[in-house]
Amino acid sequence: MDVVKRLFNNFLPLLILRGFEYILPLMTVPYLVRILGKSGYGSMALSMSLATFFTVFTNYGFEFTATRKISINKNSVNTVSRYYSVVLTARLMLLFVSFILMNILVFSLKSFSVEWELYYIAFIYVIGYALFPVWFFQGMERTKYISIVTIVPRAIFAGLIFVCIKGVDDLFLSVLLQSAPLLLSGIMSVYIVRTKFHIKYQIPTLNEIKECLKDGFGIFLSSFMTYVLASSGTLVLGMFANRGIVGVYSAIEKITKAIIGMFSPFFQAIFPYISEKFNENYQAGIKFLKKTSKYVIVFSIIVMFIMIGLSSKILVLLYGKSYDQYSLCLQLFSIWVLFSIVNNFIGIQYLIASGKQSLYSKSFTISSLMTLVLFFTLIPFFTLYGTIIGVVSGEIVLTCVMIIFIKRASKTSKLTVERK
């Protein structure tokens with residue numbers, strides 16, 4: 001019972017946070033799209049997309065490696081202090097590298113340099129992310145602090161968006177109000193770590209930092225590929241298209257990701273159970289997975305057809321009549337929704353749950369690289385639709401590659417059994 005209570009106490013704050021992070025954009029995004037207009041929203045979305053890219057780089061897989069290390073040693077204040085200092089230093093070093101890379105990117109591309117100030121404001125988000133030790137609170141099993149320092153600042157600044165943003169002239173302020181909450185969360189977290197957990201910063205050695213970065217490299221590559229496949233469209237589109245097109249893409253993508261996010265709690269809930277099934281009996285795991293996926297995929301097909309049939313009404317309701325002409329975009333994105341659900345079952349619930357992570361990693365790498373190739377091939381000529389086709393095609397490629405790898409592995413396994 002103590003174990004159940006402990007798990008529940010860790011899960012509940014994250015569940016509340018998940019719900020908050022899901023609801024908040026549904027309120028703020030439509031408002032910002034209407035107030036800032038296509039171009040203004042596009043500029044804001046592009047600057048925040050670049051900031052998100054650098055958070056992937058700054059995070060460097062620490063959400064897994066550091067969480068595990070902290071959880072193992074959580075009863076030793078000195079060991080935790082030492083490792084906390086190592087990870088924090090590594091993240092600050094990566095933050096510095098990110099700042100240099102941002103400057104190179106912004107001032108080497110004309111499409112970015114015209115609004116260079118926005119990217120500096122958006123970089124506040126990266127600073128906050130580097131300071132925010134989610135991995136520490138998870139490792140210490142004190143996830144309530146994650147929810148507290150995230151929800152309070154974001155709720156305050158979300159309110160300020162409705163109060164302060166009144167037109168496109170408030171573009172810089174809108175980016176600041178999107179970036180500042182995470183910086184406040186980071187500062188609050190550092191204070192909590194110091195006062196509540198009595199963790200003191202200790203200057204780490206260069207070897208400790210190198211070892212820390214080495215441990216997280218594999219997960220960083222995986223996270224980077226995930227970003228490429230799911231979130232790099234806005235960034236690449238911004239290199240070739242005007243801000244109005246970027247704004248349209250980003251706004252419609254937000255709807256799609258919100259719909260995909262509806263399935264996330266379900267997948268998170270069944271993953272441990274399916275993993276346990278596969279560990280006990282492989283065939284039992286397959287049976288449960290087939291039974292579950294049948295119903296969920298049918299439901300996702302229904303969702304896809306609803307998106308196709310009501311695409312125009314959804315866009316007009318959320319963003320206004322000017323988005324009616326982009327109903328085809330949401331219809332194409334509906335295919336992405338379907339294949340995202342299919343790929344979660346094949347990749348996460350089957351390959352990873354059954355211990356075939358390497359096949360999933362290879363498949364993800366191939367599909368991510370294919371997505372990048374499609375982006376830089378299609379976007380210069382077809383801009384908005386080229387980006388959507390690249391995203392959807394990348395997801396379909398992931399499905400095909402995983403199926404091919406699974407069949408090959410199955411044949412190899414059968415041949416091995418026959419030879420024996």
Side-chain angles (χ1 to χ4, degrees), residues 17 20-22 24-25 27-29 31-33 36 40-63 87-88 90-106 112 115-137 146-161 164-165 170-191 220 223-224 226-227 230-235 238 243 246-247 250-251 253-254 257:
L17 177 60
F20 175 80
E21 290 179 336
Y22 183 80
L24 188 63
M27 296 188 296
T28 57
V29 171
Y31 179 78
L32 289 171
V33 169
L36 298 177
Y41 184 76
S43 295
M44 188 200 76
L46 186 58
S47 64
M48 293 307 299
S49 178
L50 185 61
T52 301
F53 168 77
F54 285 119
T55 62
V56 176
F57 181 69
T58 305
N59 189 42
Y60 203 80
F62 293 130
E63 75 271 29
V87 175
L88 181 60
R91 286 170 72 103
L92 293 176
M93 290 173 64
L94 291 170
L95 176 68
F96 179 71
V97 173
S98 297
F99 185 72
I100 294 173
L101 291 175
M102 185 197 72
N103 279 275
I104 293 172
L105 182 61
V106 168
F112 283 62
E115 295 179 317
W116 60 269
E117 302 97 330
L118 284 178
Y119 300 98
Y120 282 91
I121 298 173
F123 198 78
I124 294 172
Y125 185 86
V126 189
I127 298 172
Y129 194 88
L131 293 174
F132 192 5
V134 172
W135 43 273
F136 174 84
F137 294 128
I146 300 174
S147 298
I148 293 170
V149 301
T150 299
I151 292 175
V152 173
R154 288 191 65 181
I156 293 171
F157 281 89
L160 290 175
I161 287 175
C164 300
I165 309 302
D170 297 319
L171 174 59
F172 287 84
L173 181 59
S174 69
V175 176
L176 178 62
L177 294 179
Q178 296 280 308
S179 306
L182 195 56
L183 178 60
L184 183 56
S185 296
I187 294 171
M188 291 170 64
S189 297
V190 171
Y191 177 77
F220 162 68
S223 299
F224 179 75
T226 301
Y227 171 83
S231 304
S232 62
T234 301
L235 190 58
R243 294 299 179 265
V246 175
S250 181
E253 184 193 47
K254 283 284 193 299
K257 286 187 173 180

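Here the structure is a predicted model, which means the values were calculated and not measured. Each residue takes its place number in the sequence, starting with 1.
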Stepwise side chain to side chain contact (heavy atoms under 4.5 Å, CB included) test for M102 and V126: CA-CA 11 Å; M102 185 197 72; V126 189; over 6 Å; no
Given F57 and F224, is the side chain to side chain contact (heavy atoms under 4.5 Å, CB included) satisfied, shown in steps? CA-CA 8 Å; F57 181 69; F224 179 75; over 6 Å; no
Please test L46 against L50 for side chain to side chain contact (heavy atoms under 4.5 Å, CB included), starting from the C-alpha separation and ending with a verdict. CA-CA 6 Å; L46 186 58; L50 185 61; over 6 Å; no
Output, in order, the C-alpha distance, side-chain angles, deciding distance and verdict of side chain to side chain contact (heavy atoms under 4.5 Å, CB included) for Y227 and T52. CA-CA 9 Å; Y227 171 83; T52 301; 4.2 Å; yes
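Between Y119 and F112, the ring-plane angle classifies as parallel under the 30° and 60° cut-offs. Using the six-membered ring where Trp is involved, Y129 and Y125 have ring planes that are parallel, under 30° apart on the 30 and 60° scheme. Ring geometry, Y60 versus F62: the interplanar angle falls from 30° to 60°, so the pair is classed tilted.
Here the CG-CZ distance, from N59 to F54, works out to 14.5 Å after rounding to the nearest 0.5 Å. The line from CG of D170 to CD1 of I161 is 11.5 Å long, rounded to the nearest 0.5 Å. A distance of 14.0 Å separates OH of Y31 from OH of Y41, quoted to the nearest 0.5 Å. Here the CG atom belonging to L171 is positioned 6.0 Å from the CG atom belonging to L36, to the nearest 0.5 angstrom. Rounding to the nearest 0.5 Å gives a distance of 9.5 Å between OG1 of T58 and CZ of F53. Separating the CG atom in L131 from the CG atom in L92 is a distance of 6.0 Å, to the nearest 0.5 Å.
Nearest approach of L183 to I127, heavy atoms of both residues: CD1-CG2, 3.9 Å. The minimum heavy-atom distance linking A180 with F157 is given by the pair CB-CE2, 3.6 Å. Closest heavy-atom contact between S231 and E253: CA-OE2, 4.5 Å. Minimum heavy-atom separation, F132 to W135: O-NE1, 4.2 Å. Residues P153 and P181 share a closest heavy-atom pair of CB-O, 3.6 Å. Nearest heavy-atom pair, G42 versus V246, reported as atom, atom and distance to 0.1 Å: O-CG1, 3.5 Å.
Heavy-atom neighbours of F123 CZ from other residues, nucleotides or ligands within 6.0 Å: above the threshold of 12.
One N or O on the side chain of S98 and one on the backbone of L94 form a donor-acceptor pair closer than 3.5 Å. Looking at S179, its side chain does come within 3.5 Å of a backbone N or O of V175 through a donor-acceptor pair. The main-chain N or O of A130 is found under 3.5 Å from a side-chain atom of R91 such that the two form a donor-acceptor pair. Although no hydrogens or angles enter the test, the distance criterion places a donor-acceptor pair under 3.5 Å between the side chain of S47 and the main chain of M44.
Under the side chain to side chain contact (heavy atoms under 4.5 Å, CB included) rule, R154 has a single partner from T150, I151, I156, which is T150.
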